[in-house]
Amino acid sequence: MDDNLAQHACHSITTAIEKDDLVIPVIDFGAFLRGTPSDKHAVAVSITNAFKTSGFLYLKDHGIPFSTVSQVFEASARFFARPQDQKDSLCWTSPQSNRGYVKTGREKLSLPEDNVDEDTARLARPDLKETMEIGRDDVDGLPNRWPDHFDDEGKDFKKVMQSFFGMCKSLHTEVMRAIALGMNLPEHYFDEFVDAGDNNLRLLHYPSVPKDVFKQNPGQVRAAEHSDYGSITLLFQDRRGGLQVRSPKGTFVDATPIADTVVVNAGDLLARWSNDIIKSTRHRVVEPPCIAGVDADDGSDTYPARYSIAYFCNPNMNKFIDVLPGTFGEGISQKKKYSGITAGDYLVQRLTATI
Ligand SMILES: O=C(O)CCC(=O)C(=O)O
Ligand SMILES: [Fe+2]
C-alpha cells in the first residue's frame, strides 16, 4: 500500500492522508468488534478524534466481507448497464420516499450560501453521475423501486442489495457505539436512535467521460462539493479515485482509495447533534487523478467510469435529535447551539433543497 502510511504507536491506527492540515487515519475496527475492553475504548477514542478533526476516516476489518462488497459493485454495474427506459421506469419521485433511479443532472447539491453565482453556473454543468437510491424495505407507502419484475438479474439485484443493506445497518450501529464511548456516553446510548435502519443505500455510477469535458469547463466535476446530511456515511469506492475532502486550509485533498477499507464520514445531523464537536466535512468527486505508471500516458481520450457505493446512515426518522449531553452547559465553555429537531423533518428539509 502507500509508502506514506505512517505507523502510530497504537498498532490499530495508521495515517493515510496528511496534507494541508487534513489528517485522515485508517482505523482497525476489528479491535473494536473483537478486542478487549481497553482495545475497544482506544479504538472508540481514535474514531471520535477523527470525527472531531477531519470528519473522515478509513475503517478496515469492518466486518463486511470483501466478497460481499465486490458482489454489490458487480450488481450495481449490471444495473446501470440496463437500457435507459428500464432505469427511467424506476425513477426517484419524492424526498419523502427518496427511493429510485436518479439520472445525470437530476440532483442539485447544496452550496455555500454566499455562492449564488456558482449555483447558476452549476446548472450549466451538472454532476456527471447517475444513482440508484434504496431505502429501508418495509416502510408502508414508500416502496423501493426494485428491478425484480424485469428478469432474474433484477431479482438477484434485490437480494444482494437487501442483504448488504442489513450488513451496513449493523456497521452503523457499531460505529455509533464507538462514538458513544468516545463522547463519554454509555456504549449503547445511540442504539435506540438507530435501530429502525432509516438509512439510504446509494449506488453511484460516474460514466466514462471525454477528458476534453474537464479541459473545456474548468469548474466541471463528477460530483459537486457538498456535505452529507445524516449521522454518518459509509463509502465504498472502486480503485479509480477522484474523491476529495476539503482541508482546513480550503484546498481539496485526494482521499485515495485503500483496498478493503470503507471511508466513513460524519454528516450534518451528527455535527448538529454533537453541538459541532464532530465535523461534517465538505467533499466532492473530480475526474480521477492519473495513477502513475498505470494510466499517466495511456493516450486515451476518456476517463474510465467510476463506481462507488454510499450508505447514508440516519437516526430513526421519528427520533427527536437534541444536542447531546456533555457538549454544552456547566463547566463547558460552549453554549447549546441548536434547538432539537425530528430526524425525519431535518432530512426531508435537506433533501427538498436538492430538487
Ligand atoms: O462517489 C463518491 O465517492 C462520493 C459520493 C458522495 O459523496 C455522495 O454521494 O454523497
Ligand atoms: Fe457525500
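Counting convention: from 1, in listed order, for ligands and their atoms alike. Counting begins at 1 with the first residue of the sequence.
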When you measure from the side chain of Arg222 to the backbone of Pro207, do you find a donor-acceptor pair of N or O atoms at a distance under 3.5 Å? yes
If you look only at pairs with a residue in residues 61-71, which of them pass as a salt bridge (charged side-chain N to carboxylate O under 4.0 Å, His left out), with sequence neighbours excluded? Arg34-Asp61
Do Phe214 and Tyr303 pass the ring-ring contact (aromatic ring centres under 6.0 Å, His included) test, and can you show the C-alpha distance, the side-chain angles, and the key distance before you say yes or no? CA-CA 10 Å; Phe214 296 103; Tyr303 286 110; 5.6 Å; yes
Within ligand 1, which atoms have a heavy atom of Tyr206 less than 4.0 Å away? 1 (O), 2 (C), 4 (C), 5 (C)
Say whether Ser231 and Asn314, considering side chains only, have a donor N or O and an acceptor N or O under 3.5 Å apart. no
Compare His226, Arg282, Glu225 and give the one whose heavy atom is closest to atom 8 (C) of ligand 1. His226
Of the backbone atoms (N, CA, C, O) and the side-chain heavy atoms from C-beta on, which set of Thr131 has a member under 4.0 Å from an atom of ligand 1: side chain, backbone, both, or neither? neither
Can you tell me which portion of Lys129 lies within the under-4.0 Å heavy-atom range of ligand 1? Options are side chain, backbone, both, or neither. neither
For ligand 1, which atoms, with element, lie under 4.0 Å from some heavy atom of Phe312? 8 (C), 9 (O), 10 (O)
Under 3.5 Å, N or O to N or O, is Ser308 touching ligand 1 that way? yes
Using a 4.0 Å heavy-atom cut-off, which part of Thr233 comes near ligand 1: side chain, backbone, both, or neither? neither
Can you find a pair of side-chain heavy atoms, one from Lys52 and one from Asn49, that are under 4.5 Å apart? yes
If only side-chain N and O atoms count, and only distance matters, is there a donor-acceptor pair under 3.5 Å linking Glu74 with Ser76? no
Do Tyr101 and Gln86 pair up side chain to side chain, a donor and an acceptor below 3.5 Å, judged on atom types alone? no
No waters, cut-off 2.8 Å: how many protein N, O or S atoms are close to the Fe ion (ligand 2)? 3
Between Trp273 and Phe193, does the ring centroid distance fall short of 6.0 Å? yes
Contact region, His283 to ligand 1, non-hydrogen atoms below 4.0 Å, reads side chain
Considering only heavy atoms of Val285, which atoms of ligand 1 have at least one such atom less than 4.0 Å away? 1 (O), 2 (C), 3 (O), 4 (C)
Option passing side chain to side chain contact (heavy atoms under 4.5 Å, CB included) with Thr327 (candidates Ile278, Asp276, Asn184, Ile277): Ile277
Before you tell me yes or no, could you show the steps for Ser247 and Asp21 under side chain to side chain donor-acceptor pair (under 3.5 Å), namely the whole-Å CA-CA distance, both residues' side-chain angles and the distance that decides it to 0.1 Å? CA-CA 6 Å; Ser247 76; Asp21 297 341; over 6 Å; no
